[in-house]
Student: 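Starting off with a structure, shown below.
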Amino acid sequence: MTQLHLVYDLDFRERAGRTKLWGTVLLAVTGLLWVWFAVLLFTPYQFDDGYSDPVNCDSPFFTDRADANEAAAKGSSCVAERDWPELLAVLGGSVPFAVTGAVLYTTGAISKRISEHAAEMTRLKEADA
């Protein structure tokens with residue numbers, strides 16, 4: 001392998017590593033968004049309307065429809081205060097990060113493997129000659 005090919009190959013592997021790193025960072029952001037989503041979904045919350053004492057509400061995940069309807073019939077504000085748009089926004093906002101991160105990680109990993117394979121094939125050809 002000539003010196004020029006070696007420099008180009010090392011530069012190519014470095015760029016592939018950076019691409020893979022960006023993918024890893026975006027997948028980490030996705031993980032953080034999913035953790036935030038889980039916290040919003042599984043933890044109880046408190047509702048304060050400003051007029052009365054704060055009301056403790058069960059988490060959205062552990063409240064079944066019958067309990068929610070019964071609470072609404074009794075005048076509880078918990079059902080109306082559930083922030084489903086925020087939950088869905090966090091989950092939906094994680095999708096672009098997940099897709100982009102997966103594509104970048106896969107592209108970087110495959111590029112590096114192909115470069116290593118090509119270098120090994122060249123080395124084997126030179127060893128046979």
Student: Quick one: closest heavy-atom pair of L104 and T19, and the distance?
Tutor: O-CG2, 3.4 Å
Student: Please list, one pair per line, the donor and acceptor atoms closer than 3.5 Å that link side chains of residues 89-102 to other protein atoms, with sequence neighbours excluded.
Tutor:
residue : atom : partner : partner atom : Å
S94     : OG   : W34     : NE1          : 2.8
S94     : OG   : L91     : O            : 2.6
T100    : OG1  : P96     : O            : 2.8

Student: Kindly compute the distance separating CD (E126) from CG (D128), expressed to the nearest 0.5 Å.
Tutor: 10.5 Å
Student: Testing the basics here: between S111 and F12, what is the closest heavy-atom pair and its distance to 0.1 Å?
Tutor: O-CE2, 3.4 Å
Student: Please give me the minimum heavy-atom distance between R13 and E116, naming the atom from each residue.
Tutor: NH2-CA, 3.5 Å
Student: I need the full list of salt bridge (charged side-chain N to carboxylate O under 4.0 Å, His left out) pairs touching residues 18-45, with sequence neighbours left out, sorted by first then second residue.
Tutor: E14-R18
Student: Under the 4.5 Å side-chain heavy-atom rule for ILVMFWY, direct or indirect, which residues accompany L32?
Tutor: none
Student: So do E86 and W36 actually touch side chain to side chain, heavy atoms under 4.5 Å?
Tutor: yes
Student: Calculate, to the nearest 0.5 Å, the distance between atoms CD1 and OG belonging to I110 and S115 respectively.
Tutor: 13.5 Å
Student: Take atom CZ in R15; do more than 12 heavy atoms of anything else shown fall under 6.0 Å from it?
Tutor: yes
Student: Under 4.5 Å between side-chain heavy atoms, counting indirect links through other Ile/Leu/Val/Met/Phe/Trp/Tyr residues: same cluster for L87 and L33 or not?
Tutor: yes
Student: Would one find more than 12 heavy atoms of other residues, nucleotides or ligands at under 6.0 Å from atom CZ of F37?
Tutor: yes
